[in-house]
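Everything below concerns the one structure shown next.
In what follows, every heavy atom counts, from backbone to side chain, and hydrogens, waters and symmetry copies are set aside.
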Amino acid sequence: MAYLKVVATPIGNLGDLSPRALQAFREAELVACEDTRRTWQLLAHFGIPRPEMISYRQGNEEKTGEKVLSALKAGRKTVLCSDGGYPAISDPGWRLMRRAALEGIDYEVIPGASAVNVALLKSALPTSSFTFRGFPPRGPGALRNFFREDAERPHTLVIYESPHRVGATLAAAFEVLGARECAVCIELTKLHERVRRGYLDELAREFAQTPVKGEVAIVIAGANRKFAKNDGKEQENET
């Protein structure tokens, strides 16, 4: 019986690949993934024979998506995955899932590791309400506007950022949001996992001078005086 299984893969620690995910890969006749080399390394680590693999990445989603849909309609067991975490969460995959749904092809999501959730929990900031905004824009003006959209909202904010832009992004966040609590999470679940907690102004200065290697997630407190540098009493005295 044909199916599409959307599989979350490890973001660093290979031990996070679930038994359900392993079974899906073992049974797959076709695997659509970002980088066939990386996914093959993952499968080889677990002794899974190589299935047919196709690169489904940013830039070829429409063309490759048609091939995957054709395979599904032909009855082939298919897995969709990204290089790490969930497909469609700041990675390709959403377009294929939507096409499948619109054409009446059901799909199963097999849970696993996600840098969003891991970073949120490692931040020690409130978890009851949060927003994930993916990668912010690069231009200084667009970056400030990006943070202004959430400036008055109480939820915790989670974003991804490339290693060489961490300092600039923290500085823009401080300019717009003020000295809120923040956590910079680096190489989550990996051997050299590191989390730096502090206030936006402090971390902006630190990462302006500190080179970063690896994957980065940034978590910023919402608009709540409890998580600003000055506590509520100090702020009231200043007014």
Just wondering, more than 12 heavy atoms not from [X] lying within 6.0 Å of its [atom1]?
X: Lys122; atom1: NZ; result: no
X: Arg133; atom1: CZ; result: yes
X: Arg37; atom1: CZ; result: no
X: Glu215; atom1: CD; result: no
X: Arg38; atom1: CZ; result: no

Can you list the steps and then say if Lys67 with Ile54 is a side-chain contact (heavy atoms from CB on, under 4.5 Å)? CA-CA 9 Å; Lys67 294 180 180 179; Ile54 186 171; 3.7 Å; yes
The test is ring-ring contact (aromatic ring centres under 6.0 Å, His included); show your working for Phe132 and Tyr160 and say whether it passes. CA-CA 9 Å; Phe132 171 61; Tyr160 291 159; 4.9 Å; yes
Checking [X] side chain against [Y] main chain: does a donor-acceptor pair fall under 3.5 Å?
X: Thr9; Y: Ser82; value: yes
X: Thr156; Y: Pro126; value: yes
X: Glu187; Y: His192; value: no
X: Ser55; Y: Glu34; value: yes
X: Glu27; Y: Ala24; value: no
X: Arg180; Y: Asn224; value: no
X: Arg194; Y: Cys185; value: no
X: Arg196; Y: Val184; value: no
X: Ser123; Y: Leu120; value: yes
X: Glu202; Y: Gly198; value: no

Is the shortest side-chain heavy-atom distance between [X] and [Y] below 4.5 Å?
X: Lys73; Y: Glu103; answer: yes
X: Tyr107; Y: Met97; answer: yes
X: Ile159; Y: Phe135; answer: no
X: Leu43; Y: Arg50; answer: no
X: Leu72; Y: Arg76; answer: no
X: Asp106; Y: Tyr3; answer: no
X: Tyr56; Y: Cys81; answer: no

Would you mind checking if [Y] and [X] are paired as a salt bridge, meaning a charged N to carboxylate O distance below 4.0 Å?
X: Glu66; Y: Arg99; result: yes
X: Lys229; Y: Asp201; result: yes
X: Arg144; Y: Glu149; result: no

Quick one: closest heavy-atom pair of Val216 and Pro163, and the distance? CG2-CA, 4.3 Å
Evaluate the side-chain contact (heavy atoms from CB on, under 4.5 Å) criterion for residues Leu96 and Leu69: first the C-alpha distance (whole Å), next the side-chain angles of each, then the deciding distance (0.1 Å), finally the verdict. CA-CA 8 Å; Leu96 176 59; Leu69 287 169; 4.1 Å; yes
Quick check on the hydrophobic clustering: are Leu177 and Tyr199 connected, directly or via other members, by side-chain heavy-atom contacts under 4.5 Å? no
Apply side-chain contact (heavy atoms from CB on, under 4.5 Å) to residues Asn13 and Lys190 and explain how you reach the verdict. CA-CA 6 Å; Asn13 190 322; Lys190 300 179 184 178; over 6 Å; no
Go through Arg197 and Cys182 one step at a time and tell me if the side-chain contact (heavy atoms from CB on, under 4.5 Å) criterion holds. CA-CA 6 Å; Arg197 302 181 186 91; Cys182 173; over 6 Å; no
